[in-house]
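Before any comments, here is the structure.
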Amino acid sequence: MDPLASSHQGTGEGMILSPGTHSLSESSYTAHPRFLELQEELRSALFTAVSDGTPKQYLVQATTEPALSELRHDIDLFARSPVPKPRLINYLKNWITECAPYLDKFDEARHFGVHIPILARESPGLFYAILAFSARQTERKAGLRNCHDSLELYQESIRWVSPGLQAKDPNVLVTACVLAVMELMSVSPQDWRRHVDGCAALFDCFSVNGFSGGHLQAVFWCYVRMELCGVIVSNGAERTVLPLEKWVPAVSLGQASESIEDNEKRVRELFLEQSRLTPDMHANWAVYLCAKACDLVCRRTRYLELGEYDTTDPRPFHEQWNRLWDELQYWLEQRPRAILPTKSTNMQGDRMFPEIFYAHQAAISSNQLYHTACILLLEVKPPTTLLSASHLASSVWHARRVCGISLTNPHPGNLINAIQPLFIAGKLLSHRREHIAVAKLFKAIEQTTGWGALWRLRDLEAVWGYETNEILSVI
């Protein structure tokens, strides 16, 4: 056992972080060798299991109602933990009240808040994973440094991953995803691929996708939101670890010869059909379309800068761009009532951003991602493509709506999901008052959720032409 030192030292609310520090309590993790060792141990276990085909042996079991885990045998999971039971109970409460709602923001069934804790009673790895996540969120939200509870629980969860795979525990995939989210919350997102590649390998091996149903579907969409965060951070340099064609059900043998256009139509109909059943799927559709926009930008960037020929889609770039733009506008037109704004107020007087209020929490991020995808596409619009003279063709119009949505809808889970859209939108803002308003949003995200956001504000400061922490020091 190699825990972090146990002293709890808070950070002052007005503290200005050094340029090398990405967030309030990140340094205690990024610099700790035991965390890095554990992260590698987890990745190694997952890739080893995938390489020998272990998950395939219990795919059917994993996608049906879970039975009692073979690992359980009436183990007292509270007693086995090095963290005292009273603190574990507090972390479990915090998972239910704060952490799970972050992950359930696209899921009316609340799988992370209701179903996952029930599964965790019979799955030690998952049990310690949700407690590790909750402990880390608690530490970060409080601005605590040198705390060791989350690392202890992270280590305990990883200890059960390999035995879980060997014992055919169907919840190892869920465990891996929760730990990946925790890692992404705790350290610099620039290294995002190392946090998600093990999960991607498991999803591929399990053949789990965005239409698998039940808790695995919910976990899948939680995972790909991490992927989307990563590809935006890469600024057009990287594609998703799990290829986009594996986000949806595979084409059957009878359809293997279908064209790219036929496949796009099939996927659109899948999303549309499910959207009629639940607005959650319409929100997930926005995640998929935004990821497609990032993918198109990446392929275009790699072709222009590296001369890399695009083997993914042989169609001319302008045709790909036009079809994806049409897909985004179709998403907008087909929004179910729950995804529409309850109240919308345009910019008036000295108001910098519009007020756009949504009653359904999945509507908040999904509409924000729609505007983000539009900005990304407009940045690479082919010169031969002519759009009608409407607000939809204005990147700045979309950017102000991204900011307005976050200012009007302070749901913590959606604020986390807004970090990358706010960065994309913020680059287009030119007035200092707008810069300060966006900076306050980033500060609020980090203080209220524990999720690192100020590192992205520093990136914006560089884009805006300020010195590091110049805007942060005045809010």
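The first residue of the sequence shown is numbered 1, and numbering continues consecutively from there.
- Of the charged side-chain nitrogens involved, none lies within less than 4.0 Å of a carboxylate oxygen, so that Arg266 and Asp262 do not count as a salt-bridged pair.
- Not a single donor-acceptor pair under 3.5 Å links the side chain of Asp204 to the backbone N or O of Ala200.
- Using a 4.0 Å cut-off between a side-chain N of Lys or Arg and a carboxylate O of Asp or Glu, Glu327 and Lys292 do not qualify as a salt bridge.
- The heavy-atom pair separating Ile419 from Gly452 by the smallest distance is CD1-O, 3.6 Å.
- Nearest approach of Pro421 to Val402, heavy atoms of both residues: O-CG1, 3.6 Å.
- A cation-pi geometry, defined here as NZ or CZ lying under 6.0 Å from the six-membered ring centre and within 45° of its normal, does not hold between Arg136 and Tyr154.
- Considering only heavy atoms from C-beta on, Leu244 stays 4.5 Å or farther from Thr312 through its side chain.
- Annotation: Phe271 is in aromatic contact with Phe211 [ring centroid separation under 6.0 Å].
- In this structure, Tyr466 and His435 have perpendicular ring planes: the angle between them is above 60°, well past the 30° mark.
- At a threshold of 4.0 Å, the pair Arg323-Asp326 does not count as salt-bridged, since none of the basic side-chain nitrogens sits closer than that to a carboxylate oxygen.
- A donor-acceptor contact shorter than 3.5 Å links the side chain of Asp104 to the backbone of Gly113.
- Paired with Tyr370 under the rule side chain to side chain donor-acceptor pair (under 3.5 Å), one option of Gln329, Arg401, Arg335 passes, and it is Gln329.
- Here Glu264 pairs with Arg315 in a salt bridge; the nearest charged N to carboxylate O distance falls below 4.0 Å.
- The shortest non-hydrogen separation linking Trp247 to Leu242 is NE1-O, 3.0 Å.
- For the pair Asn367 (side chain) and Ile339 (backbone), a donor-acceptor distance under 3.5 Å is present.
- At distances below 3.5 Å, not a single donor-acceptor pair connects side-chain atoms of Gln361 with backbone N or O atoms of Asn414.
- Aromatic rings of Trp285 and His282 (six-membered ring for Trp) have centroids within the 6.0 Å cut-off, being under it.
- In plain terms, the two heavy atoms of Ala362 and Ser366 that are nearest each other are O-OG, 2.8 Å.
- A side-chain N or O of Ser406 and one of Gln368 form a donor-acceptor pair less than 3.5 Å apart.
- Of the options Arg140, Gln137, Glu139, a side chain to side chain donor-acceptor pair (under 3.5 Å) to Ser150 is made by Glu139 and by none of the others.
- Proximity of Phe317 to Leu296: side-chain heavy atoms (C-beta onward) are separated by under 4.5 Å at one or more points.
- Between the side chains of Gln217 and His111, no donor-acceptor pair is found at a separation under 3.5 Å.
- Using modelled atom types and a 3.5 Å distance limit, the side chains of Arg351 and Thr345 yield no donor-acceptor pair.
- Judged purely by distance below 3.5 Å, without hydrogens or angles, the side chains of Tyr91 and Asp149 pair a donor atom with an acceptor atom.
- Note on ring orientation: taking the six-membered ring where Trp is involved, the planes of His398 and His371 are tilted (angle from 30° to 60°).
- Using a 3.5 Å distance cut-off with no hydrogens or angles, the side chains of Arg300 and Gln320 do not pair a donor with an acceptor.
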